[in-house]
Amino acid sequence: DAGITQSPRHKVTETGTPVTLRCHQTENHRYMYWYRQDPGHGLRLIHYSYGVKDTDKGEVSDGYSVSRSKTEDFLLTLESATSSQTSVYFCAISGGNKGFSEQFFGPGTRLTVL
Amino acid sequence: QQQVKQSPQSLIVQKGGISIINCAYENTAFDYFPWYQQFPGKGPALLIAIRPDVSEKKEGRFTISFNKSAKQFSLHIMDSQPGDSATYFCAASKAAGNKLTFGGGTRVLVKP
């Protein structure tokens, strides 16, 4: 998975609790992304980062925040989880020697909000 | 509003047959069109990509056909094999940025 790890890989939580998902890369890629995958919707961009401390919103950013204090780490936080945020979350990176177009995806985190 | 529409949602093909997946986009600013392959429990992986300056790109058994005027592109999997059974996603992005917009996905099952 191109030097990308996600933690945790599985998580079950309750409505209203905060949740943080971590993406860690060893490729020194500039760009990092968080997507959620739901049946019939493909993957939808939540937030992305174009450098340390530089982030921007994606298509479905409501209810999510991100932080990137180091090149290698990109954190996704659900401040108060809701059942609609039950999904599989994928981190992706780009910006290596193949340019920023090609994105490499991590293994995913399956989150269930009860 | 879904900017990239993908069809069909699922596809069953016999071994050796041709799998065809179609995508249509709305935003004429898109200029990069990749296809991703995803196996169960794994993240998507880039399969093949095309830019609008060419009408076709072939890599092994996988071919992208691109029709700029119709704003459509398609993936053809020739001589389909059971190992090709996976979910396939088309996507698109703009020149100035790198945010991918994905289609809804097609689950392909190749029967032996």
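Proteins come first, then strands; the chains are lettered A, B, ... in the order of their sequence lines, and each starts at number 1.
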Practice problem: Is it possible for you to say whether B:F62 and B:V54 belong to one hydrophobic cluster, with membership spreading through side-chain heavy-atom contacts below 4.5 Å? | Solution: yes
Quiz item: Transitively linked via ILVMFWY side-chain contacts under 4.5 Å: A:L75 with A:L21?
Solution: no
Quiz item: Do you reckon B:L47 sits in the same ILVMFWY cluster as B:I20, going by side-chain contacts under 4.5 Å, direct or chained?
Solution: no
Self-check item: A:L43, part contacting chain B, at a heavy-atom distance under 4.5 Å
Solution: both
Quiz item: So if you build clusters from Ile, Leu, Val, Met, Phe, Trp, Tyr with side-chain heavy-atom gaps below 4.5 Å, do B:V13 and B:Y88 land together?
Solution: yes
Quiz item: Checking heavy atoms, do the side chain of B:P44, its backbone, both or neither come under 4.5 Å from chain A?
Solution: both
Quiz item: Between B:F102 and A:R44, is any pair of side-chain heavy atoms under 4.5 Å apart?
Solution: no
Quiz item: Which residue, A:Y35, A:F104, A:F90, A:F105, forms the ring pair (Phe, Tyr, Trp, His ring centres under 6.0 Å) with B:Y36?
Solution: A:F105
Quiz prompt | pair B:F89-A:Q37: side-chain heavy atoms closer than 4.5 Å | solution = yes
Quiz item: Would a 4.5 Å heavy-atom cut-off, applied to side chains only, mark B:L46 and A:Q103 as touching?
Solution: no
Quiz item: Should we say atom CD of B:Q81 is surrounded by more than 12 heavy atoms from elsewhere, each under 6.0 Å from it?
Solution: yes
